[in-house]
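Just so it is clear, the structure is predicted and the values come from calculations on it, not from any experiment.
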Amino acid sequence: MVHAGTRPRGELNPVVFRPPRAMGVIIGGAFSAWAAVVAFLAASIAWGAEPEFKTFLAWSIAAAALVLAAVFAAWAGAVGTLAYIVRPDVLEIRWGWRRVLVPIGSIQRLVPGRTLDPPEVGGINWWGCHVGAGDVKRVGYTLFYSTHASPEELLYVVTDGEAYGLTVEDQARFAEAIQARAALAPVETRGEQRSVGVGPAALPLWQDRVALWAIGAGAALCALVCGYVFTAYPGLPEVVQLSFPSLGGIVRIGDRSELLEIAYLAAGIFAANAVVGAGLHAVERAAGLWLFASGALLQGVLLAAALIAFAAA
């Protein structure tokens with residue numbers, strides 16, 4: 001157990017505890033920079049290249065690497081903002097755009113990590129960043145928001161629900177801050193532990209599985225459209241019969257590059273649909289779901305149009 005000191009620390013203002021964060025930020029930033037370089041190189045290869053499957057593959061790698069770079073950048077930024085704020089009524093854990101609020105009245109005990117076996121954390125894990133969950137012997141199910149390099153740097157906050165694994169350098173001062181506020185916290189106002197999002201994390205989209213599945217279906221169909229167009233394009237003659245779009249049943253002769261507009265249209269529709277749909281979903285869920293579903297359906301229509309147009313060419 002961690003015991004508080006005997007000297008009072010003054011008024012019960014919010015007290016901020018920040019773990020060591022430099023290593024986690026550097027490594028996360030390095031992963032993000034590596035992914036950004038891969039995205040740049042892949043885009044450089046694809047830019048101006050002849051439409052073919054290799055070009056489509058290069059664009060796909062660039063898009064995936066760019067998303068990966070953004071994710072690692074967000075995680076590295078979250079490590080940089082990691083802090084534990086002891087307020088008069090709650091312990092607030094700040095992790096990027098996420099706020100975990102633990103009522104002071106629900107905290108039962110503090111257990112130093114040096115008294116327990118090294119934990120196994122499942123989730124976001126690299127040197128200087130351990131955010132996830134794991135079962136800890138004598139503590140139970142534990143949520144980690146930590147940057148620890150060794151078990152000695154860990155402090156477990158055990159509540160009447162989950163436990164929390166934190167990296168606290170001055171564990172005695174942290175215990176004193178918790179105990180001082182627990183002595184003043186009314187039992188009847190204990191409240192519930194909760195996690196809330198701020199900024200982009202507050203969008204209800206992230207909690208809506210139906211919407212995420214619809215976006216995923218649209219993305220998969222968009223990739224299928226673009227992949228088919230780029231793969232079939234090299235086998236076309238320079239001048240083709242264009243039956244898409246239809247001109248009153250008249251077949252038009254044109255350059256084969258006009259068929260590439262199907263792929264460009266599919267990519268543009270998906271991007272616009274995802275951005276507008278996310279904003280609309282935050283205001284009206286049904287309208288957002290309709291937009292995501294209709295976008296996926298439109299990708300299917302474009303895939304059918306591509307199959308017919310290339311077959312007729």
Side-chain angles (χ1 to χ4, degrees), residues 2 14-40 64-87 90-102 107 110-114 116 118-136 139 141-159 162-171 173-175 177-178 193-203 205-207:
V2 178
V15 183
V16 181
F17 296 86
R18 298 186 184 278
R21 305 176 304 281
M23 180 63 72
V25 172
I26 291 172
I27 294 179
F31 282 136
S32 178
W34 170 81
V37 169
V38 172
F40 175 78
L66 188 61
V67 171
L68 191 63
V71 169
F72 273 104
W75 285 343
V79 174
T81 63
L82 183 59
Y84 320 119
I85 305 174
V86 183
R87 300 189 182 278
V90 298
L91 166 63
E92 177 184 337
I93 303 173
R94 288 190 177 183
W95 160 255
W97 290 309
R98 181 64 51 184
R99 305 287 185 267
V100 180
L101 304 177
V102 183
I107 298 176
L110 304 176
V111 182
R114 64 178 180 275
L116 302 175
E120 294 185 3
V121 184
I124 306 172
N125 264 310
W126 66 74
W127 290 321
C129 176
H130 306 284
V131 177
D135 285 313
V136 179
V139 171
Y141 182 76
T142 303
L143 300 175
F144 288 86
Y145 294 90
S146 173
T147 64
H148 66 275
S150 65
E152 288 74 18
E153 297 178 354
L154 275 169
L155 179 66
Y156 293 96
V157 178
V158 183
T159 73
E162 298 90 356
Y164 298 88
L166 314 178
T167 300
V168 180
E169 294 182 300
D170 192 343
Q171 298 186 2
R173 180 167 174 258
F174 184 88
I178 294 292
Q193 303 173 36
R194 63 189 189 278
S195 175
V196 297
V198 298
L203 290 174
L205 173 66
W206 310 117
Q207 308 299 325

Identify the heavy atoms of [X] and [Y] that sit nearest to each other, and give their distance.
X      : Y      : value
Gly28  : Ala76  : C-CB, 3.8 Å
Ala202 : Gly197 : CB-O, 3.4 Å
Ala69  : Ala36  : CB-N, 3.7 Å
Leu143 : Ala133 : CD2-CB, 3.9 Å
Ser195 : Val100 : OG-CG2, 4.1 Å

Drop me the distance from [X]'s [atom1] to [Y]'s [atom2], to the nearest 0.5 angstrom.
X      : Y      : atom1 : atom2 : result
Trp95  : Cys129 : CH2   : SG    : 4.0 Å
Trp75  : Ile124 : CH2   : CD1   : 4.5 Å
His130 : His148 : NE2   : NE2   : 4.5 Å
Ile178 : Gln171 : CD1   : CD    : 12.5 Å
Arg98  : Leu82  : CZ    : CG    : 14.0 Å
Leu154 : Phe144 : CG    : CZ    : 6.0 Å

### Task
Please work out which of the three classes, parallel, tilted or perpendicular, describes the rings of Phe174 and Phe17, given edges at 30° and 60°.
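Perpendicular.
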### Query
Going by the angle between their ring planes, with limits at 30° and 60°, are Phe31 and Phe72 parallel, tilted or perpendicular?
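Ring orientation of Phe31 relative to Phe72: tilted.
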Under 3.5 Å, is there a donor-acceptor pair between the side chain of [X] and the main chain of [Y]?
X      : Y      : value
Tyr145 : Tyr84  : no
Thr167 : Ser146 : no
Arg99  : Val196 : no
Arg114 : Pro112 : no

### Task
Apply side-chain contact (heavy atoms from CB on, under 4.5 Å) to the pair Leu101 and Glu92, showing each step before the final yes or no.
CA-CA 5 Å; Leu101 304 177; Glu92 177 184 337; 3.7 Å; yes
### Task
Determine, stepwise, if the pair Thr147 / Met23 fulfils side-chain contact (heavy atoms from CB on, under 4.5 Å).
CA-CA 8 Å; Thr147 64; Met23 180 63 72; over 6 Å; no
With heavy-atom distances below 4.5 Å as the criterion, would you say the side chains of [X] and [Y] are in contact?
X      : Y      : answer
Tyr164 : Val102 : yes
Leu91  : Leu166 : yes
Val136 : Leu116 : yes
Glu169 : Pro19  : no

### Query
Could you go step by step and tell me if Leu110 and Leu155 meet the side-chain contact (heavy atoms from CB on, under 4.5 Å) rule?
CA-CA 7 Å; Leu110 304 176; Leu155 179 66; 4.2 Å; yes
### Criterion side-chain contact (heavy atoms from CB on, under 4.5 Å) on Val158 and Val139, from CA distance to verdict
CA-CA 7 Å; Val158 183; Val139 171; 4.1 Å; yes
### Residues, nucleotides or ligands: over 12 heavy atoms within 6.0 Å of Trp97 CH2
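Count not over threshold, so no.
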### Message
side-chain hydrogen bond (donor to acceptor under 3.5 Å, both in side chains), that's the test. Do Thr142 and Glu162 meet it? Break it down for me.
### Response
CA-CA 6 Å; Thr142 303; Glu162 298 90 356; over 6 Å; no
